[in-house]
Amino acid sequence: MAGVKIQKLCKTFWINGQEINALSDINLTIEDGTFVTLVGKSGSGKTTLLKLICGLEKSTRGNISFPPPDKSINCQPERVSIVFQEPRLMPWLTVEQNMAFPLIKEKNRERVAKTVNHYLDLLSLMEFKDAYPAQISGGMAQRTALGRTLCYDPDVILMDEPLGALDAFTRKKLQADLINIFLLQKKTIVFVTHDVDEAVLLGQRVVIFEAGKIVEHMPVNLGYPRNPLSRNFLNVKKKILSLIVGENFN
Ligand SMILES: Nc1ncnc2c1ncn2[C@@H]1O[C@H](COP(=O)(O)OP(=O)(O)O)[C@@H](O)[C@H]1O
Ligand SMILES: [Mg+2]
C-alpha cells in the first residue's frame, strides 16, 4: 500500500521552440487507500500528471514520492499501474491470458490461476475467458484491462479516462464495479475524467485542474453508492461546474 505525494511539480514541453507549461507548481497529497478523481478541460494537464506519476514522462522540476502507511518502507514506482482510455490488450492472447500477463514471471502457476479466476469472476468475464480481444465488446475489453491491472496488484492505480469510450449503460456498470473493487481492496486510485458526474460519483475528493494548475480540492463527503440526483450530489456538482465553467449554477 502507498499514497502519492507530489511537491512543486512542473512539466514544460517544447514544440517548435515554443514553451508549453503543461503543469505548473502542482502540490497534491493523495492518502494511501483513497479514491481521488481529477477533472478539468481537455489540455489542462491531467494525462501529463498521470504519466509523470508512473514514470512515463520525466518532470521538469519537483518531486513525486509514494509514502507507505508505515514510514519505514517505501513503495517502488513499479507498483504503480496505469489504465488508459483504450484497453491496449494483446490481440494474440485470450482474455484470461491478457489478465495473467503481468504475472508471467510468477513460478507458482496455481496462485496465478487463482488470482486470475478471482478477477474474471469479479469483473463478470468468466464466460469469455477464452475469447480473443477481437471477439469481445469494448466494455469487456476495458474490464479485461482493469483485470490485468488488478492481477498485477499495484499499490497505486492510475486511470486515464478509462470509461470515456464506452456507451452510457456499460459505463454505469463499470463505475459500479470500480466502486465495489475500491471498497473491497482499498487501493489508492487516481482517476482522470472530464465528466463532472463521474468525478463526483467516484471520488472521495475531486481535484479540479485548469491550464496546468490545481484550482480546487473538493471533498465529497457522501457514502457509496451515490445517487446522482440527490441534493447533496447536485450541490457538489454545481460547485465544480461553476469552478470549471465560471458560471453560477444555483
Ligand atoms: N508529448 C508532448 N509534447 C508536447 N506537448 C505536450 C505533450 N503532451 C502533452 N502536451 C501538451 O501539454 C498540455 C497538457 O496536455 P494533457 O496532459 O494531455 O492534458 P489533458 O489530459 O488534461 O487533456 C497540452 O497543451 C498538450 O498539448
Ligand atoms: Mg488526457
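Counting starts at 1 for both ligands and their atoms, in listed order. The residues of the chain are indexed from 1 along the displayed sequence.
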R88 (side chain) donor-acceptor with Q85 (main chain) under 3.5 angstrom: no
From CA spacing to verdict: side-chain contact (heavy atoms from CB on, under 4.5 Å), V206, I240: CA-CA 9 Å; V206 180; I240 295 174; 3.7 Å; yes
Worked check of salt bridge (Lys or Arg N to Asp or Glu O under 4.0 Å) between K213 and D25: CA-CA 7 Å; K213 294 193 172 120; D25 199 27; over 6 Å; no
Any donor-acceptor N or O pair under 3.5 Å, side chains D167, T170: yes
Nearest heavy-atom neighbours spanning L174 and L163: CB-CD2, 3.8 Å
Return a table of N or O atom pairs, ligand 1 on one side and protein on the other, at distances under 3.5 Å, rounded to 0.1 Å.
| unit_1 | atom_1 | unit_2 | atom_2 | d |
| --- | --- | --- | --- | --- |
| ligand 1 | 17 (O) | T48 | N | 2.9 |
| ligand 1 | 17 (O) | T48 | OG1 | 2.5 |
| ligand 1 | 19 (O) | G45 | N | 3.2 |
| ligand 1 | 21 (O) | T47 | N | 2.9 |
| ligand 1 | 21 (O) | T47 | OG1 | 2.8 |
| ligand 1 | 22 (O) | S44 | N | 3.1 |
| ligand 1 | 22 (O) | S44 | OG | 3.4 |
| ligand 1 | 22 (O) | G45 | N | 3.0 |
| ligand 1 | 22 (O) | K46 | N | 3.0 |
| ligand 1 | 22 (O) | K46 | NZ | 2.8 |
| ligand 1 | 23 (O) | G43 | N | 2.6 |

K186 to F182 six-membered ring, cation-pi geometry met (6.0 Å, 45°): yes
No-hydrogen, no-angle side-chain donor-acceptor test under 3.5 Å, E198 and T193: yes
Shell of protein N/O/S atoms around the Mg ion (ligand 2), taken as anything under 2.8 Å: T47 OG1
R171 to F169 six-membered ring, cation-pi geometry met (6.0 Å, 45°): no
Check: K46 side chain, G40 main-chain N or O, donor-acceptor pair, under 3.5 Å: yes
